[in-house]
A.B. asks: 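Quick one: the structure is below, and I'll ask about it shortly.
Only heavy atoms go into these numbers, but all of them, side chains included; no hydrogens, no water, no symmetry mates. Since the model is a prediction, treat every value here as computed from it, not as a measurement.
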Amino acid sequence: MPTPIRETALAAIATRLAAQIPAAAVERARRAEVDLDKESLPRLVVNAIDWTADELAEPLVVHYTLGFAVTGYATAKTNILAEQAIGALHAQVVAALSGWTPAEAGLGEPSEGDADFGLIDAEDSAKPTGEFTARFSMLCLGPLVAA
C-alpha cells in the first residue's frame, strides 16, 4: 500500500528540520505538553492542523493544501535571552523550510503564514523558557481517484 501524500509531506518536513537544526529535538504529532524542566531543549514539535482539497484546479490531479504548525521551545539563563533564543530558533525553522522543495514527488515548497511568540509563565517552568508556534502551508499534488 502506498504512503498517503499527507504522511509523506509531514515526514519530509520533520526530516528536513532535524537535518537543518541538529541542536533541536524534533517530534511529530505530540499530544502531551512538553515538560519544560525535564525534556531537552531546544525542541520542535510538528503537527498537522488542516487539509483541504481542490479537485477542480487541474484535470486528474487533486491539489491539497496541508496546514501544519511548528512549535519551538528554547531556554536560556535570563528571560531576555530566552526571548532571543526563541526568535533565533524560529528564524532557523523559517530558513530551513523557505525555498526548500522536498524531493518527494507531488510536494511543493512550504510557506509561513503567521507565528505567535511568548515566554512561559514562571509557574510552568523553573527556567527562563520561551515558545513560538509558526503556521505554514504546503501544496501537495495527488492523483484524482475515480469513485
Side-chain angles (χ1 to χ4, degrees), residues 1-36 38-120 124-125 127-145:
M1 177 175 191
T3 303
I5 195 163
R6 180 180 178 276
E7 173 57 28
T8 299
L10 291 166
I13 292 160
T15 299
R16 173 72 176 186
L17 291 172
Q20 295 295 306
I21 311 170
V26 178
E27 295 183 73
R28 282 197 38 218
R30 181 175 179 139
R31 294 185 322 133
E33 288 190 35
V34 172
D35 187 330
L36 301 168
K38 292 183 181 174
E39 295 185 55
S40 66
L41 301 180
R43 179 171 298 273
L44 299 170
V45 179
V46 178
N47 284 308
I49 52 177
D50 57 32
W51 179 251
T52 57
D54 180 357
E55 295 182 3
L56 303 176
E58 185 178 344
L60 303 176
V61 176
V62 180
H63 286 219
Y64 296 101
T65 301
L66 168 64
F68 65 96
V70 178
T71 302
Y73 303 89
T75 190
K77 292 183 180 195
T78 66
N79 289 337
I80 189 71
L81 291 175
E83 184 176 67
Q84 292 169 350
I86 61 165
L89 185 59
H90 171 262
Q92 288 180 292
V93 168
V94 171
L97 298 179
S98 295
W100 164 70
T101 302
E104 293 81 355
L107 300 183
E109 178 182 320
S111 61
E112 184 180 19
D114 62 356
D116 301 315
F117 296 82
L119 292 175
I120 303 294
D124 294 327
S125 178
K127 302 176 275 189
T129 303
E131 71 177 317
F132 71 85
T133 299
R135 286 165 285 285
F136 294 84
S137 62
M138 173 188 268
L139 179 64
C140 304
L141 304 177
L144 180 62
V145 180

A.B. asks: Where do P128 and A82 come nearest, in terms of heavy atoms and distance?
C.D. replies: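 Closest pair (atom of P128, atom of A82, distance): O-CB, 3.5 Å.
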A.B. asks: Which distance, rounded to the nearest 0.5 Å, do you find between the CD1 of I86 and the OG1 of T75?
C.D. replies: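 I86 atom CD1 to T75 atom OG1 measures 11.0 Å (nearest 0.5 Å).
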A.B. asks: Between CG of D50 and CG of L66, what distance do you get to the nearest 0.5 Å?
C.D. replies: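 D50 CG to L66 CG: 7.5 Å, rounded to 0.5 Å.
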A.B. asks: Side chain of N47, backbone of A29: donor and acceptor closer than 3.5 Å?
C.D. replies: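 Indeed, once roles are kept as given, a pair shorter than 3.5 Å links the two residues.
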A.B. asks: Please report the closest heavy-atom contact between I5 and G142, naming both atoms and the distance.
C.D. replies: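 So the two residues come closest at CD1-N, 4.4 Å.
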A.B. asks: Restricting to pairs with a member in residues 7-19, which pass side-chain hydrogen bond (donor to acceptor under 3.5 Å, both in side chains), not counting sequence neighbours?
C.D. replies: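 Listed once each, the pairs are E7-R28.
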A.B. asks: With rounding to the nearest 0.5 angstrom, report the CG to CD1 distance, L44 to I13.
C.D. replies: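 It comes to 12.5 Å.
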A.B. asks: Check the orientation of H90 and F117. Use parallel for under 30°, tilted for 30 to 60°, and perpendicular for over 60°.
C.D. replies: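 Ring orientation of H90 relative to F117: perpendicular.
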A.B. asks: Working to the nearest 0.5 Å, report the span between CG of L139 and CG of L141.
C.D. replies: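 Interatomic distance, L139 CG to L141 CG, rounded to 0.5 Å: 4.5 Å.
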A.B. asks: Rounded to the nearest 0.5 Å, what separates atom CG in L10 from atom CH2 in W51?
C.D. replies: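 So the gap between those two atoms works out to 8.0 Å.
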A.B. asks: Roughly how far, to the nearest 0.5 Å, is the CD atom of E83 from the OG1 atom of T78?
C.D. replies: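 Rounded to the nearest 0.5 Å, the OG1-CD separation comes to 10.0 Å.
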A.B. asks: For residues 96-114, pull every pair meeting salt bridge (Lys or Arg N to Asp or Glu O under 4.0 Å), keeping only residues two or more places apart or in separate chains.
C.D. replies: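 For residues 96-114, and leaving out neighbouring residues, the salt bridge (Lys or Arg N to Asp or Glu O under 4.0 Å) pairs sorted by first residue read D114-R135.
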A.B. asks: What is the minimum heavy-atom distance between S125 and T129, and which atoms define it?
C.D. replies: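 Answer, listing the atom of S125 first, then T129: OG-OG1, 3.2 Å.
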A.B. asks: At their closest point, which heavy atom of L119 faces which heavy atom of N79, and how far apart are they?
C.D. replies: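 Shortest heavy-atom contact: CD2-O, 3.8 Å.
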A.B. asks: When the side chains of residues 19-26 are checked against the rest of the protein, which donor-acceptor pairs come out under 3.5 Å, sequence neighbours left out?
C.D. replies:
none

